[in-house]
Amino acid sequence: MTVAVRLPRRKKDASAPEPADLLAWYDRHRRILPWRARRGERADPYAVWLSEIMLQQTTVKTVAPYYARFLARWPSVAALAASDLDDVLRAWAGLGYYARARNLHACARAVMQRHGGIFPRGMDALRALARLFAVEEKLPAAKPVIKRLATSLLPPRRAGDFAQALMDLGATLCSPKNPACALCPWNESCAAARRGDRESFPRKTPKREGSLRRGAAFVALRADGRVLLRQRPDKGLLASMTEVPGSAWAHDFDSASALAAAPRLGGTPKWQKLAGVVRHVFTHFPLELTVFVAQVPRVTKALKGARWVRLADLPGEALPNVMRKVLAHALKLD
DNA sequence: TACGCGTGGCA
DNA sequence: TTGCCAAGCGT
């Protein structure tokens, strides 16, 4: 492991990053965010917590409308704890990483039961930019190194603002591609910028590519304008979310025998295979779904665990995006 | 430690 | 179009 710049132990080093420079920049350029307290105000711990969960691996822009809807509907941890998990999942649908929604709900109940609805005081995590120190270690192994370096910069006062400032710096200037170094308060002391290969940091291990999986999805349309939906298992991928019936998603899926996975609906539904496939990319693998559609009589009963849902009610369902794509494909909504 | 876990934006 | 990236976390 090589660290191009080391922090001064005692003597002031003109080339070392100064927390004060970052804080001064933050005072001028801090973003206005709905969950962030303005100067002199105290943030609502519930609002901050909600934003923290939503912002995991998710951009501010994507989170903003979800956050506003959640806070309007469940303005307190007590309100959230009293809600049904299914309602939370429906409100979360489209945001991804659905375990967050389930954990959010469970945590709200725990705060009510174990802490009387008051958030306990917790640790504030700090995140820093590798790049500043030109850390050669590759992520994720570099994380402990970066943590030590970040801790060494932590100013005795305004530690919270320092953390916020770091995140604003990353969000607005010190981006992975095309960082705006000319505007950066640490430009002069940045080891990566001095080296002239700033975009090679942070170092990363090459990501293994997930192999393609395929499967079939079955859109049963009842004569009264309803579609057959079911719930996914409460563990694993897209846990507890809603889906149309389908086959397992497998590397060796054979579309010729796909109909074996069709839901049994009584009678003999004529499944029509649609042209093309629905493509979706999950975090760790790409997926291609062949979509089948069948028109069934109004009297058709739902099999156990499934239900008939009016087309007009689909937007309110806890449908992950891959299922919205399937329905759009089948209903020619796109 | 390494992997599983969604989605939208953007170059 | 394609691949990368984003306020990570749980197991």
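Every heavy atom of this structure was used, including side-chain atoms; hydrogens, water molecules and symmetry mates were not.
On the C1' atoms, dG6(B) is 15 Å away from dC4(C), given to the nearest whole Å. Comparing dT1(B) with dC9(C), their C1' atoms are spaced 15 Å from each other, to the whole Å. Rounded to the nearest Å, the gap between the C1' atom of dG8(B) and that of dT1(C) is 16 Å.
Side-chain N/O atoms of His284(A) include none lying less than 4.0 angstrom from OP1 or OP2 on dG4(B).
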N/O contacts under 3.5 Å, protein versus nucleotides 7-11 of chain B?
residue: dT7(B); atom: OP1; partner: Tyr98(A); partner atom: OH; Å: 2.8
residue: dT7(B); atom: OP1; partner: Asn321(A); partner atom: N; Å: 2.5
residue: dT7(B); atom: OP2; partner: His280(A); partner atom: NE2; Å: 2.6
residue: dT7(B); atom: O3'; partner: Gly94(A); partner atom: O; Å: 3.3
residue: dT7(B); atom: O3'; partner: Asn321(A); partner atom: ND2; Å: 2.7
residue: dG8(B); atom: OP1; partner: Asn321(A); partner atom: ND2; Å: 2.5
residue: dG8(B); atom: OP2; partner: Asn321(A); partner atom: ND2; Å: 2.4

side-chain hydrogen bond (donor to acceptor under 3.5 Å, both in side chains) between Gln164(A) and Arg158(A), worked out = CA-CA 10 Å; Gln164(A) 297 288 323; Arg158(A) 302 188 68 190; over 6 Å; no
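Look at NZ on Lys235(A): it is 12 Å from C1' on dG10(C), rounded to the nearest Å.
With a 6.0 Å radius and a threshold of 12 heavy atoms from other residues, nucleotides or ligands, Arg307(A) has its CZ atom above the threshold.
You'll find that the side chain of Asn103(A) is closest to dG10(C), out of dA7(C), dG10(C), dG6(B).
The aromatic rings of Trp271(A) and Phe218(A) sit perpendicular to each other, their planes meeting at more than 60°, with 30° as the lower class boundary. Between Phe282(A) and His280(A), the ring planes are perpendicular. Angles over 60° get that label, and only those under 30° would be called parallel.
Sorted by residue number, the members of residues 24-35 of chain A with any non-hydrogen atom under 4.0 Å from DNA chain C read Trp35(A).
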